[in-house]
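Please read all numbers here as calculations on a predicted model, not as lab measurements.
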Amino acid sequence: QVQVAESGGDSVQAGGSLRLSCVVSRSTYGESYCVAWSRRPPGKEREGIASFDSDGTTYYSDSVKGRFTVSWDDAKGTLYLEMTNLKSDDTALYSCAAARRLPGLCHYRDPTLRPWGQGTQVTVSE
């Protein structure tokens, strides 16, 4: 089973930036993989927000498109989520998940992309 560990969450002012990290235990998923971020705002359902395919394809939800960027460091087995122009609506517990996927079959909306990690908290205040 693929294991993940998130870090980088913090409390920031609206308009600020943060970078989250997701370290993936790569030994279990080979050369073709999918890694994704989701978030769970207080009292709300989990929302998938971004994904990174081993072929380099990325997808973003409308709520974060243009403000958040995912990138992958293959040497470190780490997926990053660069978040800019943060808003109070971005306050949530952010989690990542990874799985074996053939290229072209990676999307953050994939309901089988699990389990999600324990997460890292991001709090944005006005």
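To the nearest 0.5 Å, the span separating CG on Leu105 from CG on Leu113 amounts to 12.0 Å. In this structure, CG on Leu81 lies 5.0 Å from CD1 on Ile49, to the nearest 0.5 angstrom. Between atom CD of residue Gln121 and atom CG of residue Leu93 there is a gap of 5.5 Å, rounded to the nearest 0.5 Å. Taking CG of Asp53 as the reference point, atom OH of Tyr108 lies at 14.0 Å (rounded to 0.5 Å). Atom SG of Cys34 and atom CG of Leu102 lie 11.5 Å apart (nearest 0.5 Å). Atoms CZ and OG, from Arg114 and Ser95 in turn, are 13.0 Å apart once rounded to the nearest 0.5 Å.
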### Query
Can Glu47 and Ser63 be said to form a side-chain hydrogen bond (donor to acceptor under 3.5 Å, both in side chains), step by step?
CA-CA 10 Å; Glu47 171 194 19; Ser63 60; 2.8 Å; yes

### Task
Evaluate the side-chain contact (heavy atoms from CB on, under 4.5 Å) criterion for residues Tyr60 and Thr69: first the C-alpha distance (whole Å), next the side-chain angles of each, then the deciding distance (0.1 Å), finally the verdict.
CA-CA 8 Å; Tyr60 299 93; Thr69 304; 3.7 Å; yes

### Task
Using the side-chain hydrogen bond (donor to acceptor under 3.5 Å, both in side chains) rule, take Arg109 and Ser38 through it: C-alpha gap first, then chi angles, then the decisive distance, then the call.
CA-CA 9 Å; Arg109 289 202 185 105; Ser38 69; over 6 Å; no

### Trace of the side-chain contact (heavy atoms from CB on, under 4.5 Å) decision for Tyr33 with Arg100
CA-CA 4 Å; Tyr33 54 87; Arg100 298 185 186 217; over 6 Å; no

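Checked for salt-bridge contact, Asp90 and Lys87 miss the test: no charged N lies under 4.0 Å from a carboxylate O.
In this structure a side-chain-to-backbone donor-acceptor pair under 3.5 Å is missing from Ser51 to Ala36. Judged by distance alone, with hydrogens and angles left aside, the side-chain atoms of Thr120 form no donor-acceptor pair with the main-chain N or O of Glu6 at under 3.5 Å. Side chain of Asp110 to backbone of His107: no donor-acceptor contact under 3.5 angstrom is found. Formation of a donor-acceptor pair under 3.5 Å by the Gln118 side chain with backbone atoms of Ala5 is not found in this model. The main-chain N or O of Thr123 is never found under 3.5 Å from a side-chain atom of Thr91 such that the two would form a donor-acceptor pair.
Placement of Leu18 and Val64 within a single hydrophobic cluster is found when ILVMFWY residues are connected by side-chain heavy-atom separations under 4.5 Å, directly or transitively. Leu79 and Val122 fall within the same hydrophobic cluster, where Ile, Leu, Val, Met, Phe, Trp and Tyr residues are linked whenever their side-chain heavy atoms come under 4.5 Å apart, directly or through other members.
Looking at every heavy atom in both residues, Ala92 comes nearest to Arg39 through CB-CB, 3.7 Å. For Trp37 against Cys22, the heavy-atom pair with the smallest separation is CZ2-CB, 3.5 Å. Residues Ser54 and Ser32 share a closest heavy-atom pair of OG-CA, 3.5 Å. Here the shortest heavy-atom pairing between Val4 and Gly117 reads CG2-CA, 3.7 Å. Shortest non-hydrogen contact noted between Val23 and Lys76 is CG1-O, 4.5 Å.
Aromatic ring orientation, Trp72 versus Phe52: parallel (interplanar angle below 30°, classes split at 30° and 60°).
Around atom CZ of Arg46, more than 12 heavy atoms belonging to other residues, nucleotides or ligands sit under 6.0 Å away.
Taking the ring axis of Tyr80 as reference, the NZ or CZ atom of Arg19 stays within 45° of it and closer than 6.0 Å to the ring centre.
Side-chain atoms of Val124 and Gln13, non-hydrogen and from C-beta on, never get closer than 4.5 Å to each other.
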